[in-house]
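Heads up, the thing below is written out as C-alpha cells.
Whatever order the structure lists ligands and atoms in, that order sets their numbers, starting from 1. Source: prediction; values computed, not measured. Here, residue 1 is the first one in the sequence, and each next residue gets the next number. Every heavy atom of this structure was used, including side-chain atoms; hydrogens, water molecules and symmetry mates were not.
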Amino acid sequence: MSKHIAIGVDIGGTGIKAAPVNLKTGKFTEDRYRIPTPQPATPESVGKTVAKCIARFEPSRKTPIGVAFPGVIQHGVVKTAANVDDSWIGTDLRQVIRDYAGHDVHVLNDADAAGYGEFLYGAAHKRDGSVFLATLGTGVGTAMIVDGTLVPNLELGHLEIDGHDAEDYAAESARDRHDLDWDGWIPHLQRYFTEIERLLWPDLIIVGGGISKSSHMFLPRLTLRAPIIPAELLNGAGIVGAAAAAHAADKREKERAKEQAKRDEKAAKKSGKKS
Ligand code: BGC
C-alpha cells in the first residue's frame, strides 16, 4: 500500500464502514466496505468485524489505520457507550483491535474523526477560527476545532436541554422514536443549535451524519448567528478523519522517536568524553 494511503474505520450503531484514503486528496482509493454492526455490539463481536474490514484492504505493516468509535476515548480506552453495548466501558479499544486484527491502530471518538476530516478536506477546509461540527445520526456527536486544533471528546450531544438529554430529540433517530416529521423535528434542532451558540459562539457550524444528505430540508429553516452548512464528506467524514488522524499520530510518534534518539546520542557522547 502506498505511502500516502491510510485506512479509516468508522464503528457506527448500525454499520461498521472502512476504506483506504488518499491522504493528499481525502478521497477513498477503493470502494467503501460496510458490514452491519453485530448485535449485541460487544468488544468481541465488534473487534472481529473491524478486523474483517481491515483485512479486506490488505494493509502493510506500515499502513496507518484509524478507528473511530461512538463514545469517549481517552488514551485508547473507551469511557462511555451511549449507543453501543455497556461492556465497552473501560475496554482498551486499541488493544482489542490489535488482538483481532494483528495491527496497531489509532483510536478516537467518531465525531472527532468527522470534524478532523471536514477540517482537512471538507466543509471547514483548513479554516481559522472556531468550527463546531454536529453529526446527527443514532446519537448526536460533536466536535470543535479551534484554529486547526481539535478539542477532543466534547460530548455536547448530551447537553441537558429542557430537562432532556439533547440527543433524545436532536438525533436523526429521534425522528422515528418520537414520530416527528420535518415540521415537528426542526424546532428541536433550532433549540439545540441556539443553545450551542449561546455557550460556544462558533464562527461556523457544520452538520454531518446520515441526515446531512437531506440538509436542504432543514438547514435553510434554522435561524442562527453563525453560518450553518452541511458536511461535504457526508457520511464518509469519520473514515477519512480516522485515517488522517492515524497518519498524523504515526508522524508524531516517528518525530518523538527521532528526538529521543538524538538525545540518547548526545548523552552517550557526553558520558564517553567523561570516561
Ligand atoms: C456519544 C458520542 C458520539 C455520538 C455519535 C453519542 O451518544 O456519546 O461519543 O460521538 O453519540 O456517535
Side-chain angles (χ1 to χ4, degrees), residues 8-18 34 36-43 46 49-50 66-94 96 106-119 131-145 150-161 164-178 188-189 192-193 195-196 200 202 205-213 230-231 233-242 244-245:
V9 183
D10 192 2
I11 301 174
T14 54
I16 297 179
K17 296 144 278 179
R34 180 184 189 275
T37 307
Q39 299 301 337
T42 58
V46 170
T49 310
V50 169
V67 179
F69 182 88
V72 170
I73 306 283
Q74 267 185 327
H75 313 292
V77 177
V78 176
K79 297 290 179 173
T80 68
N83 295 304
V84 277
D85 201 78
D86 278 350
S87 56
W88 274 103
I89 298 173
T91 300
D92 188 330
L93 174 62
R94 209 164 29 192
V96 168
H106 177 72
V107 295
L108 73 169
N109 170 265
D110 57 357
D112 286 346
Y116 193 55
E118 289 293 336
F119 174 73
V131 177
F132 177 80
L133 169 124
T135 59
L136 310 178
T138 311
V140 173
T142 57
M144 183 97 169
I145 294 163
L150 176 79
V151 184
N153 295 314
L154 214 59
E155 290 299 317
L156 290 176
H158 299 295
L159 263 185
E160 191 182 314
I161 295 186
H164 297 281
D165 189 329
E167 83 171 14
D168 288 349
Y169 282 91
E172 184 189 8
S173 58
R175 296 175 59 210
D176 275 348
R177 204 170 35 251
H178 301 293
H188 292 293
L189 289 185
Y192 179 62
F193 285 112
E195 192 61 11
I196 289 293
L200 295 182
I205 303 174
I206 299 175
V207 178
I211 198 76
S212 51
K213 51 184 178 295
L233 308 177
L234 300 175
N235 235 355
I239 296 177
V240 172

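- Asp112 places a side-chain N or O within donor-acceptor distance of the main-chain N or O of Asn153, the cut-off being under 3.5 Å.
- Here the side chain of Thr37 pairs a donor or acceptor atom with the backbone of Gly12 at under 3.5 angstrom.
- Here's the thing with Glu155: one of its N/O atoms is less than 3.5 angstrom from an N/O atom of ligand 1.
- Inter-residue side-chain proximity for Ile196 and Leu156 is flagged as met; some heavy-atom pair is nearer than 4.5 Å.
- Residue-level proximity to ligand 1 for Thr142 is absent, since no heavy atom of it falls below 4.0 angstrom.
- In Asn83, the part holding a heavy atom less than 4.0 Å from any atom of ligand 1 is the side chain.
- The Gly141 neighbourhood of ligand 1 comprises atoms 4 (C), 5 (C), 10 (O), with distances under 4.0 Å to a heavy atom of that residue.
- Only side-chain heavy atoms of Ala82 come within less than 4.0 Å of ligand 1; its backbone N, CA, C and O stay farther off.
- In terms of modelled atom types and a separation under 3.5 Å, the side chain of Ser212 and the main chain of Leu234 share no donor-acceptor contact.
- Counting the atoms of ligand 1 from 1 in the order shown, those under 4.0 Å from a heavy atom of Asn109 are 2 (C), 3 (C), 9 (O), 10 (O).
- Side-chain atoms of Glu118 never come within 3.5 Å of backbone atoms of Ile206 as a donor-acceptor pair (strictly under, hydrogens ignored).
- Close approach of ligand 1 to Glu167 (heavy-atom distance below 4.0 Å) involves ligand atoms 6 (C), 7 (O), 11 (O).
- At least one donor-acceptor pair closer than 3.5 Å links the side chain of Trp88 to the backbone N or O of Ala41.
- Listed for the Arg177 side chain is a donor-acceptor partner under 3.5 Å among the backbone atoms of Asp168.
- Taking the six-membered ring where the residue is Trp, His178 and Tyr169 present parallel rings, their angle staying beneath 30° rather than reaching 60°.
- Looking at His158 next to ligand 1, an N or O pair under 3.5 Å apart turns up.
- Close to ligand 1: Gly71, with a non-hydrogen atom less than 4.0 angstrom away.
- Within the structure, the closest approach of Thr138 to ligand 1 does not fall below 4.0 Å when heavy atoms are considered.
- The protein heavy-atom contact nearest to atom 3 (C) of ligand 1 is Asp110 OD1, 3.3 Å.
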